[in-house]
2 protein chains.
Amino acid sequence: MEHDELGELLREAGLKATPKRRMVAEYLLDSGYARAVEDIWCHLRKRLATLGLPTVYRIAEELTEIGLLARIDVGDRVVRYAACQAHGTGHHHHIVCTGCGSVGVIPKCGFHRQVDALERTTGFRISGHRLHVEGTCPECQRREKS
Amino acid sequence: MEHDELGELLREAGLKATPKRRMVAEYLLDSGYARAVEDIWCHLRKRLATLGLPTVYRIAEELTEIGLLARIDVGDRVVRYAACQAHGTGHHHHIVCTGCGSVGVIPKCGFHRQVDALERTTGFRISGHRLHVEGTCPECQRREKS
DNA sequence: CTGCCTGCAAATAATTTGCAAAGTA
DNA sequence: TACTTTGCAAATTATTTGCAGGCAG
């Protein structure tokens, strides 16, 4: 038997490697898109009819907690999840296609360089930040031209 | 009579300068805090019992549309609104105190310098971004020490 | 006076929770 | 076996909508 990477990741995090957790993780890892919980559920239900919506909510949160997924907030008040391709590589942000929801990685974040100056000018002690970038992915650009 | 700045702003935007719109705007302009719609409503209702919650929702959105308020998204799924102190001064972001909700301005945003490089490396055409910074405001820092 | 504003009541819609049954290690 | 995970049904909660009456310009 080969290295069951996903299973190990889950168990290391103290989660049991159940089929449903695997399904959700694998679906998003393969897809490369940010998906609403309901979308994930609709898709996976075709394979496994007994999958419950609350379960998908719970799993998505757990997988986000352990860094496997990223919460993507497009601004409608629907939380989406995407495979965090930069899982384990440290601080980074995501760029999301407004057309199709595909997600890219922004590996370097220049913001930390501004933090000192900002703390001085605002008086705030800065504890964290979140950058949301949107645009059009290469594929959707191609589609536009036609 | 003096310059009714707020009234003018509203009318210029094509909105009637009604007392309720003024109340919401003035409350947030004075407060300096990010407030959930329900908080705004609870506060203003003491003065004006007939104020409806849906009205506050509508007004907050309108005032955001015209740039007077800013939508603040703390990550719980409750939309908050704050006076946009940098109203009219162009692109900027906000820093929000996790303790009390007070809001500061981040006048300069270094992100545009990264856009070109990022478009090249990701292939995305970038159309916009949103930076959310959190921290502890000076007052809450003082309070912590005691 | 005319059309924009607003209150109220009710509808949505996403997400959460309780609990008993089922599955993993 | 012991503890985690999950399904289902129902509850929550923020936000939205429809519509009749009210108010600013």
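Naming: A, B, ... by sequence-line order, numbering from 1 per chain.
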Participant: With DNA chain D as reference, determine whether B:P19 or B:V78 sits nearer its 5' end, using the nearest nucleotide of each.
Facilitator: B:V78
Participant: Under a plain distance cut-off of 3.5 Å, with no hydrogens placed, do A:E134 and A:H132 share a side-chain donor-acceptor pair?
Facilitator: yes
Participant: Could you tell me whether the phosphate oxygens of D:dC23, OP1 or OP2, come under 4.0 Å of any side-chain nitrogen or oxygen in B:K20?
Facilitator: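 No, B:K20 has no side-chain N/O under 4.0 Å of OP1/OP2 on D:dC23.
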Participant: Using whole Å, what does the distance between atom C1' of nucleotide C:dG23 and atom CG of A:L15 come to?
Facilitator: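 So the CG-C1' distance, A:L15 to C:dG23, works out to 15 Å.
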Participant: Would you mind telling me which of A:H112, A:H93, A:Q114 makes a side-chain hydrogen bond (donor to acceptor under 3.5 Å, both in side chains) with A:H129?
Facilitator: A:H93
Participant: Answer yes or no: is there an ion pair linking B:D73 with A:R130, defined by an N-O contact shorter than 4.0 Å?
Facilitator: yes
Participant: Within the 4.0 Å heavy-atom criterion, would you say B:R58 contacts the bases, only the backbone, or no part of the nucleic acid?
Facilitator: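 Answer is base: heavy atoms of B:R58 come under 4.0 Å of a base.
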Participant: Nearest to the side chain of B:E38, heavy atoms from C-beta on, is which of C:dA14, D:dA14, C:dA25?
Facilitator: D:dA14
Participant: Specify the separation, in whole Å, of atom CD1 of A:I59 and atom C1' of D:dT5.
Facilitator: 8 Å
Participant: Take atom CG of B:D4 and atom P of D:dA24, then tell me their distance rounded to the nearest Å.
Facilitator: 14 Å
Participant: Atom CD of B:E62 and atom C1' of C:dC4: how far apart are they, to the nearest Å?
Facilitator: 10 Å
Participant: If I take atom NZ in residue A:K16 and atom C1' in nucleotide C:dG23, what distance separates them, rounded to the nearest angstrom?
Facilitator: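 Nearest whole value for this atom pair: 8 Å.
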Participant: At less than 4.0 Å, is any side-chain N or O atom of A:R77 found next to OP1 or OP2 of D:dA14? Yes or no.
Facilitator: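 No, no such contact exists.
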Participant: Kindly say if B:T18 contacts the phosphate of C:dC4, meaning a side-chain N or O under 4.0 Å from OP1 or OP2.
Facilitator: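 It does not, given that no N or O in the side chain of B:T18 lies less than 4.0 Å from OP1 or OP2 of C:dC4.
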Participant: Take atom CG of A:L53 and atom C1' of C:dA13, then tell me their distance rounded to the nearest Å.
Facilitator: 11 Å
Participant: Using whole Å, what does the distance between atom C1' of nucleotide C:dA25 and atom CD of A:E8 come to?
Facilitator: 15 Å
Participant: What contact category does A:V79 fall into here, base, sugar-phosphate, or nothing, at under 4.0 angstrom with non-hydrogen atoms?
Facilitator: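 Sugar-phosphate only.
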Participant: At under 4.0 Å between heavy atoms, what does B:A36 touch on the DNA or RNA strands: base, sugar-phosphate, or nothing?
Facilitator: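 No contact.
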Participant: Between atom CG of B:L28 and atom CG of B:L63, what is the distance when rounded to the nearest 0.5 Å?
Facilitator: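 Reported value, rounded in 0.5 Å steps: 8.5 Å.
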Participant: Does a side chain donor of either A:Y27 or A:R35 reach within less than 3.5 Å of an acceptor in the other side chain?
Facilitator: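 Yes, a side-chain donor-acceptor pair sits under 3.5 Å.
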Participant: Quick check on C:dT16: is either OP1 or OP2 less than 4.0 Å from any side-chain nitrogen or oxygen of A:Y57?
Facilitator: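 For A:Y57, the contact criterion (side-chain N or O under 4.0 Å from OP1 or OP2 of C:dT16) is not met.
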Participant: In this structure, how many angstroms lie between the C1' atom of D:dT15 and the CG atom of B:D39, rounded?
Facilitator: 15 Å
